[in-house]
Amino acid sequence: MSRVHDVIRRYKACAEVMEHGVEIFVVGDPAGARLNAATRRLAHTVSENGSDVWGDLLSAVNALRWRRMTQPQPGGFHPAVTEAANAVVREAHILRGAVSDEALLDEIAAAAQEVRQTDSPVGAELRRSIEEADPSICAVVASSNPARAGMQEWLTSLAVPVFLPGELGEVSERVEQLYVVGPPCFFPPSLVTAPATNELTFLMPAWFGHRAIPTSRLAGQADGAMKAKVRERAVGDLSEPESPASNDEPLEDTYYPQPMWRGRTSADREPAPDEAEAWKVLLAGNLAIWLDDGDRIRTLDPRQPAGERVTYAAVRDVVPGTYLVLRNGETERGAMHEAAMHLMGSHAGAIKATQRGWKAALEARLASVGAAASIAELRARGVRSAARVRAWTEPTLISPKHEHDLVLLLEWLGLAVEPSHRNAMALRRAVYRASADLREELEGAVSRADLAALERDGHMSLEIEREGFRSMVVARVQARSPYTEIVPRPHTRVPFSDRSGEWLE
């Protein structure tokens with residue numbers, strides 16, 4: 001389909017949606033309502049007493065509530081709900097004797113067990129609606145990768161595709177009905193303002209009270225901004241338990257599970273030569289890494305065709321949802337450096353000597369005048385990536401990203417440009433060759449892997465034959481800290497165990 005044809009189709013679909021409106025199925029879910037009321041009571045307690053004692057329980061129960069709301073497939077296709085419910089019961093048990101409100105613990109544990117034992121009525125209504133409308137003209141929109149993976153497996157027998165909001169350009173022209181699983185406010189306005197189909201239906205539990213259709217941030221400044229009509233349809237048992245916390249009360253009650261960042265602990269100082277400023281990145285599988293400001297990092301996109309899944313991303317583009325490909329126990333950068341040196345053969349000794357030479361001179365200059373003054377002087381000379389001057393002392397970082405920056409750096413250090421520049425460029429080309437060889441092996445391993453399980457679980461291991469790379473891990477980014485910490489440089493980009501992201505999507 002051409003881009004022009006797709007735009008025309010979107011305009012026609014938008015006209016239909018504006019004329020006939022958006023439908024919202026509000027589905028009664030007594031078990032979910034009980035959990036929601038208990039969660040709000042807990043959030044109210046946390047707002048009054050702080051999260052030091054209650055924080056782990058609140059994270060677990062929020063995760064369970066979120067999964068109940070956005071992943072309505074039956075329990076046989078939803079082990080994540082069982083896992084989260086068990087964690088809620090476990091955390092409630094741990095708090096016994098440590099808090100005074102044991103009645104709240106009892107209610108939370110009982111609500112979690114009820115959710116574990118009952119299938120979501122939203123799922124039953126979704127399947128009934130698809131079968132009634134004709135599965136061949138339907139598609140489903142999920143809120144996240146795990147939700148998409150679980151629902152795709154469940155709906156396989158109906159051959160109904162499941163998309164993320166950013167993938168709606170792939171919706172076939174034969175699809176006439178789009179079912180969106182979750183409250184409208186969890187989805188971008190473009191779902192309504194640039195619809196992929198003529199008919200749009202949201203399905204959500206009745207206990208979630210906010211049902212407004214999202215609007216563009218520019219709608220307030222636009223004349224005649226589009227506002228779709230909303231038709232609500234109530235389904236099932238809408239009864240809910242009473243909650244002491246009103247919906248209008250300003251609670252720290254985030255439905256989407258959030259990371260709990262504790263604040264920067266590093267002293268306000270410049271990193272030493274063997275240290276780096278790095279963001280903490282939480283990964284699926286109870287892993288994390290320290291991500292420094294290097295130029296790029298290896299990633300995987302499971303939605304791409306075979307042979308094009310393994311690539312690189314800039315550090316600034318590492319966001320939740322990105323899949324990182326990491327080497328267990330050590331950074332890939334060090335192993336690539338060794339492989340490149342092996343490719344250089346008899347020239348390796350001379351290259352090592354020149355690399356050590358200019359890096360030692362740079363370390364001495366940084367120790368003498370400091371990083372801030374060095375950055376200012378290099379910028380004055382036109383070095384574009386001067387802010388990364390501390391990283392250039394690392395043995396496995398071959399040179400500045402821009403070739404001319406290395407020339408200017410060597411001149412600033414008072415060193416001869418050649419042969420240091422020539423050797424660094426030769427080593428960089430060798431790293432590219434070694435990296436390309438590894439990429440081919442990784443592509444082969446990925447083609448043999450279960451990518452549906454990767455999207456569902458968020459992580460997997462890749463076994464390849466290459467020496468030094470036999471244990472690689474692929475893990476989805478769950479969250480990235482808003483601040484950096486000073487950490488030992490050898491610790492960057494090395495996966496380590498960390499349960500902080502256990503309940504994130």
Side-chain angles (χ1 to χ4, degrees), residues 1-3 5-6 10 139-153 155-156 159-175 178 187-188 190-191 194 196 281 283-285 287 289 291 294-327 332 336 431-466 469 471-480 493 495 505:
M1 183 192 308
S2 72
R3 184 171 297 179
H5 184 75
D6 183 55
R10 291 291 185 103
V140 173
V141 180
S143 62
S144 65
N145 272 304
R148 190 250 302 273
M151 283 192 283
Q152 187 73 76
E153 183 182 5
L155 297 173
T156 296
V160 173
V162 183
F163 298 95
L164 294 176
E167 300 170 345
L168 296 185
E170 303 171 23
V171 173
S172 168
E173 284 190 87
R174 77 171 189 277
V175 175
L178 209 59
F187 294 89
S190 58
L191 208 62
V281 175
L283 306 172
L287 296 172
I289 61 167
L291 180 63
D295 295 327
R296 60 182 192 167
I297 188 167
R298 198 182 293 274
T299 60
L300 182 146
D301 186 346
R303 308 298 290 178
Q304 293 301 312
E308 300 178 21
R309 294 177 177 131
V310 180
T311 183
Y312 280 100
V315 167
R316 65 177 178 274
D317 295 329
V318 174
V319 296
T322 304
Y323 288 89
L324 300 183
V325 183
L326 303 164
R327 184 179 179 222
E332 178 185 318
M336 282 289 100
V431 166
Y432 288 159
R433 291 201 303 274
S435 181
D437 291 342
L438 175 60
R439 179 184 177 278
E440 288 187 14
E441 293 191 44
L442 288 171
E443 286 282 4
V446 169
S447 68
R448 298 187 295 272
D450 184 353
L451 295 183
L454 172 63
E455 290 200 75
R456 183 187 66 242
D457 302 332
H459 63 97
M460 70 178 183
S461 295
L462 289 178
E463 301 297 331
I464 60 177
E465 296 301 319
R466 176 178 288 259
F469 289 91
S471 181
M472 303 286 286
V473 62
V474 181
R476 184 171 57 235
V477 173
Q478 307 284 61
R480 175 172 171 166
R493 305 196 182 199
E505 279 281 303

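With hydrogens and angles disregarded, no donor-acceptor distance shorter than 3.5 Å links the side chain of Asp457 to the backbone of His459. Listed for the Glu443 side chain is no donor-acceptor partner under 3.5 Å among the backbone atoms of Ala306. Of the possible donor and acceptor atoms, one in the side chain of Gln152 sits under 3.5 Å from a partner among the backbone N and O of Val162.
In this structure, Met472 CE and Leu438 CG are separated by 5.5 Å, a value rounded to the nearest 0.5 Å. Distance check: Thr299 OG1 to Leu326 CG gives 10.5 Å after rounding to the nearest 0.5 Å. Rounded to the nearest 0.5 Å, atoms CG (Leu324) and CG (Leu287) are 10.5 Å apart. In this structure, the separation between CD on Glu153 and CD on Glu455 is 12.0 Å, given to the nearest 0.5 Å.
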Does the pair Val325 and Val446 meet the rule for a side-chain contact (heavy atoms from CB on, under 4.5 Å), with working shown?
CA-CA 11 Å; Val325 183; Val446 169; over 6 Å; no

Could you go through the side-chain contact (heavy atoms from CB on, under 4.5 Å) check for Asp301 and Thr311 one step at a time?
CA-CA 8 Å; Asp301 186 346; Thr311 183; 5.8 Å; no

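In this structure, Ala475 and Ala284 approach most closely via the heavy-atom pair CB-O, 3.9 Å. Here the closest non-hydrogen pair linking Gln478 and Leu283 is CG-C, 3.5 Å. Minimum interatomic distance between Val318 and Arg480 (heavy atoms only, all atoms of both residues): O-NH1, 3.1 Å. Nearest heavy-atom pair across Ala449 and Leu462 is CB-CD2, 4.4 Å. Taking both residues in full, the closest heavy atoms of Val473 and Pro495 are given as CG1-CG, 4.2 Å, listed atom of the first, atom of the second, then distance.
Applying the side chain to side chain donor-acceptor pair (under 3.5 Å) test to every pair with at least one member in residues 313-324, sequence neighbours left out, gives these pairs: Tyr323-Arg476.
When the side-chain hydrogen bond (donor to acceptor under 3.5 Å, both in side chains) test is applied to Arg456, no partner is found at least two apart in sequence or on another chain. Taking the side-chain hydrogen bond (donor to acceptor under 3.5 Å, both in side chains) definition, one finds that Glu440 meets it with nothing, sequence neighbours left out. Contacts of Leu164 classified as side chain to side chain contact (heavy atoms under 4.5 Å, CB included), with partners at least two apart in sequence or in another chain: Asn145, Arg148, Glu167. Ala479 meets the side chain to side chain contact (heavy atoms under 4.5 Å, CB included) test with Pro259, Trp261, Leu282, Leu504; sequence neighbours excluded. Residues forming a side-chain hydrogen bond (donor to acceptor under 3.5 Å, both in side chains) with Ser435 (at least two apart in sequence, or on another chain): Arg298, Tyr312.
Within the 4.5 Å cutoff, side-chain heavy atoms of Met460 are placed close to those of Leu451.
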